[in-house]
Protein chains: 2
Amino acid sequence: MKDLVSYCPIEEVMQVLSGRWPTLLVYYLKDGVKRFSDLKRDNPTVSHKMLTFELRKLENAGIVQRKVFEGYPLRVEYSLTAAGQGLVPLIDALGDWWNQLPAEASVPQTLQQPAFTGQ
Amino acid sequence: MKDLVSYCPIEEVMQVLSGRWPTLLVYYLKDGVKRFSDLKRDNPTVSHKMLTFELRKLENAGIVQRKVFEGYPLRVEYSLTAAGQGLVPLIDALGDWWNQLPAEASVPQTLQQPAFTGQ
DNA sequence: CGGTATCCTCGGAGATACTG
DNA sequence: CAGTATCTCCGAGGATACCG
């Protein structure tokens with residue numbers, strides 16, 4: 001469905017890579033094959049559901065390969081596809097670029113400070 | 001600041017570039033100086049508040065420069081900083097990478113996808 | 001014109017529990 | 001162990017209005 005969006009591919013990539021986890025997962029997977037529980041351990045703060053969803057997203061994008069081993073207990077291995085491996089240097093380049101930024105780039109978060117929904 | 005789960009710069013960059021607008025704005029600004037209303041016109045679906053916020057975010061990150069002209073009516077011009085211009089080729093590289101993906105690559109829908117009005 | 005403040009909604013995402 | 005389903009809640013972000 002690369003076609004349902006705009007004509008700018010960047011917009012599409014960002015739909016896949018946006019968020020906290022996608023790039024991190026790619027990063028952890030760059031070391032090699034990982035199981036679901038491995039990734040969970042690598043990212044202690046990601047919820048079970050989120051991890052499943054993000055992995056699915058990366059899989060659908062052709063970045064991550066999912067391999068199921070039937071049996072008990074279940075076992076699933078995740079790894080980067082060839083395309084996914086091509087992503088790694090690009091992400092690295094972004095990281096390098098960030099590190100070379102002149103000053104302290106602050107990245108505050110919330111759109112608005114609550115300012116009291118008092119009572 | 002949100003707590004980072006890792007110390008890799010990637011997580012930090014993604015806090016700035018994640019979402020629908022940041023990369024798009026960088027892209028529109030790559031053509032040169034733009035006024036607030038220009039960017040609003042370029043992105044018909046972005047809300048006033050969002051645009052302000054995203055621009056602020058990019059400014060704080062050192063990617064975008066903001067220049068105010070006193071007077072009436074108000075006038076503000078936005079442009080890429082040198083660092084911001086360094087970002088452009090990286091974003092382009094991501095776009096190219098995306099275009100070379102096998103065609104089955106699909107964009108997710110479940111998470112925040114306000115349905116692009118493909119301009 | 002560009003920015004800020006307020007209100008309000010809706011869906012993102014955590015917690016939990018169940019299945020294969 | 002991996003994945004799915006439910007419920008719930010909070011806050012991102014749209015709409016609106018006003019100010020410099």
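Predicted model, so just to flag it, every value in this text is computed and none were measured.
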For atom [atom1] of [X] and atom [atom2] of [N], their distance in whole Å:
X	N	atom1	atom2	answer
Asp38(B)	dG2(C)	CG	P	8 Å
Leu51(A)	dA2(D)	CG	P	9 Å
Phe36(A)	dT4(D)	CZ	C1'	11 Å
Phe53(B)	dG2(C)	CZ	C1'	17 Å
Glu70(A)	dG3(D)	CD	P	11 Å
Lys57(B)	dG13(D)	NZ	C1'	12 Å
Glu54(B)	dA12(D)	CD	P	12 Å
Lys40(B)	dC1(C)	NZ	C1'	10 Å

From the list His48(B), Met50(B), Glu54(B), side-chain contact (heavy atoms from CB on, under 4.5 Å) partner of Thr52(B) resolves to His48(B)
Salt bridge present between Arg75(B) and Glu77(B) (N-O < 4.0 angstrom):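 Salt bridge between Arg75(B) and Glu77(B), a charged N being under 4.0 Å from a carboxylate O: yes.
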Is there a side-chain contact between Thr81(B) and Gln85(B) (heavy atoms, below 4.5 Å)?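 Counting from C-beta outward, Thr81(B) and Gln85(B) never come under 4.5 Å.
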Between [N] and [X], is there an OP1 or OP2 to side-chain N/O distance shorter than 4.0 Å?
X	N	answer
Arg35(A)	dC1(D)	no
Arg66(A)	dG3(D)	yes
Arg56(A)	dT4(D)	yes

Nucleotide nearest [X] (side chain, heavy atoms from C-beta), chosen from [options]:
X	options	answer
Thr52(B)	dG20(D), dT4(C), dG14(D)	dT4(C)
Tyr72(B)	dG20(C), dG14(D), dG20(D)	dG20(D)
Pro73(B)	dA2(D), dG20(C), dC1(C)	dC1(C)
Lys49(B)	dG13(D), dG20(C), dA5(D)	dG13(D)

If you assign each of Leu74(A) and Ser47(A) to its closest nucleotide in DNA chain C, which residue comes earlier from the 5' end?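 With Leu74(A) and Ser47(A) compared, the 5'-side residue is Ser47(A).
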Hey, is the main chain of Asn43(A) close enough, under 3.5 Å, to the side chain of Trp21(A) for a donor-acceptor pair?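 No.
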Does the Ser18(B) side chain pair with the main chain of Gly19(A), one donor and one acceptor, at a distance under 3.5 Å? yes
So what does Tyr78(A) touch, heavy atoms closer than 4.0 Å: a base, only the sugar-phosphate, or nothing?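 Tyr78(A): backbone/sugar contact only, no base atoms under 4.0 Å.
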Should the side chain of His48(B) and the base of dG3(C) be counted as holding a donor-acceptor pair, with the cut-off at 3.5 Å?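 Side chain to base: pair found, below 3.5 Å.
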